[in-house]
Amino acid sequence: MGKVVMYSSVSVDGFIADEKDQTGPLFDWLLSGDVPLDDSGVLKVSQTSYDYIRPYWDQIGATIVGRHVFDMTNGWDGTPPAGVDHVVVVTHRGRPEGWYPEAPFSFVDSVEAAVAKAQELAGERVVEVAAGDVGGQVLAAGLIDEVRMDVVPVVFGSGRRYFGPIHAQHLLEDPDEAIQGNRVLHLRYRVRRQTLPAE
């Protein structure tokens with residue numbers, strides 16, 4: 001199975017949105033260059049960011065999000081974002097009645113079920129987990145292999161935390177990559193696996 005990767009753009013002080021769910025300048029870097037990132041013609045980044053982000057995007061087979069993100073975006077009107085093939089939504093409410101019945105979205109009621117379903121759908125490709133509450137829960141469950149952050153030079157002071165309401169310490173390895181783009185620092189960490197003491 002492919003890696004499970006937690007990912008988002010984030011403020012320097014660790015927030016993915018402010019108290020009103022506004023992302024402010026967190027995604028301005030996606031408009032700050034002259035290299036098209038996808039076919040939309042809207043997203044244009046520096047060559048450095050393109051060389052880092054595009055190969056990663058091409059590896060994603062499924063994305064896991066929470067119901068909050070799904071509701072805020074109306075599930076991207078049934079079309080998974082960034083060319084992803086499948087979206088798995090963690091929710092106790094299930095698929096909304098009449099909502100795009102053919103859309104490649106699955107609805108499950110726990111993060112463990114979400115990871116299992118996403119891995120089934122993604123095969124050998126990457127399972128991406130949106131940062132925030134759901135991402136923090138997947139990390140706390142020991143199911144995240146890698147953390148990717150696009151750190152933007154802004155301080156929010158408060159808001160929605162990258163790791164959500166996580167309450168325990170989790171060690172990451174030294175960064176595998178630290179790449180500076182235009183108005184963004186791309187960081188990638190592997191999650192350090194807990195080793196049990198020998199009996």
Tell me, which pairs form a side-chain hydrogen bond (donor to acceptor under 3.5 Å, both in side chains) where one or both residues lie in residues 129-145, sequence neighbours left out? D145-R193
Qualifying residue for side-chain contact (heavy atoms from CB on, under 4.5 Å) with I64, from V108, V89, V129: V129
Could you tell me which residues satisfy salt bridge (Lys or Arg N to Asp or Glu O under 4.0 Å) with D85, sequence neighbours excluded, listed by chain and number? R125
Is it the case that more than 12 heavy atoms not belonging to D34 sit under 6.0 Å from its CG atom? no
Sorted by chain and number, sequence neighbours left out, side-chain hydrogen bond (donor to acceptor under 3.5 Å, both in side chains) with W57 holds for none
Between S110 and V90, the two heavy atoms sitting closest are C-CG1, 4.0 Å
Using the rule that Ile, Leu, Val, Met, Phe, Trp and Tyr join whenever any side-chain heavy atoms are under 4.5 Å apart, tell me whether V138 and M149 fall into a single cluster. yes
Sorted by first residue and then second, give each ring-ring contact (aromatic ring centres under 6.0 Å, His included) pair with at least one member in residues 99-142; sequence neighbours left out. F70-W99, F70-F107, W99-F105
Let me check something: do V152 and V45 share a hydrophobic cluster, defined by ILVMFWY side-chain heavy atoms less than 4.5 Å apart, either directly or through other members? yes
The salt bridge (Lys or Arg N to Asp or Glu O under 4.0 Å) partners of R160 (sequence neighbours excluded) come to D21
Can you name the residues that form a side-chain hydrogen bond (donor to acceptor under 3.5 Å, both in side chains) with R148, not counting sequence neighbours? Y52, E146
Between the CG atom in L139 and the CD1 atom in I166, the distance rounded to the nearest 0.5 Å is 4.0 Å
Could you pull out the closest heavy-atom pair between V87 and P81, with the gap in Å? CG2-CD, 4.1 Å
Hey, mind stepping through F163 and H170 against side-chain contact (heavy atoms from CB on, under 4.5 Å) and telling me if it holds? CA-CA 11 Å; F163 290 103; H170 295 268; over 6 Å; no
Answer whether the closest heavy-atom distance between the side chains of L121 and V88 falls below 4.5 Å. yes
Can you tell if the side chain of I16 reaches within under 4.5 Å of the side chain of T23, non-hydrogen atoms only? no
Measuring from E120:CD to M1:CE, what's the distance to the nearest 0.5 Å? 10.5 Å
Test of understanding: clusters of I, L, V, M, F, W, Y form through side-chain heavy atoms closer than 4.5 Å, transitively. Do V127 and V134 belong to the same one? yes
Measure across L26 and A17 and return the closest heavy-atom pair with its distance rounded to 0.1 Å. CD1-N, 4.2 Å
For Q47, all residues meeting side-chain hydrogen bond (donor to acceptor under 3.5 Å, both in side chains), sequence neighbours excluded: D51
How long is the straight-line distance from CG of D38 back to CG of L43, given to the nearest 0.5 Å? 4.5 Å
Does E173 have any salt bridge (Lys or Arg N to Asp or Glu O under 4.0 Å) partners at least two apart in sequence or in another chain, and if so, which? R192
Are the side chains of L143 and E112 in contact, using a 4.5 Å heavy-atom criterion? yes
Shortest non-hydrogen pair, M6 vs A131, comes out as CE-CA, 3.8 Å
If we ignore hydrogens and angles and just use 3.5 Å, is the side chain of N74 paired with the main-chain N or O of W76 as donor and acceptor? no
Judged by atom type as modelled, is there a donor-acceptor pair below 3.5 Å linking the side chain of S40 to the main-chain atoms of V42? yes
Quick one: side chains of residues 174-185, donor-acceptor pairs under 3.5 Å with protein atoms, not counting sequence neighbours, listed by atom name and distance.
residue: D176; atom: OD2; partner: R190; partner atom: NE; Å: 3.4
residue: E177; atom: OE1; partner: R188; partner atom: NH1; Å: 3.3
residue: N182; atom: ND2; partner: S32; partner atom: O; Å: 3.3

Find the distance between CE (M72) and CZ (R67) and round it off to the nearest 0.5 Å. 14.0 Å
Criterion side-chain contact (heavy atoms from CB on, under 4.5 Å) on V147 and V5, from CA distance to verdict: CA-CA 6 Å; V147 171; V5 179; over 6 Å; no
Which heavy atom of V4 sits nearest to which heavy atom of Q119, and what is that distance? CG2-NE2, 3.5 Å
What I want to find out is whether R161 reaches D13 closely enough, with some N-O distance under 4.0 Å, to be called a salt bridge. no
Contacts of type side-chain hydrogen bond (donor to acceptor under 3.5 Å, both in side chains), residue S46, not counting sequence neighbours: S49
Closest heavy-atom pair, S11 versus V154, reported as atoms and distance to 0.1 Å, is CB-O, 3.2 Å
R54: salt bridge (Lys or Arg N to Asp or Glu O under 4.0 Å) partners, not counting sequence neighbours: D58
Taking the side chain as every heavy atom from C-beta outward, state whether D71 and R93 have any pair of such atoms under 4.5 Å apart. yes
Validation row: V10, D150 side chains within 4.5 angstrom (heavy atoms): no
Same apolar cluster (I L V M F W Y, side chains within < 4.5 Å links), L30/V151: no
Which pairs pass ring-ring contact (aromatic ring centres under 6.0 Å, His included) with one or both residues in residues 4-31, sequence neighbours excluded? Y7-Y56, W29-H186
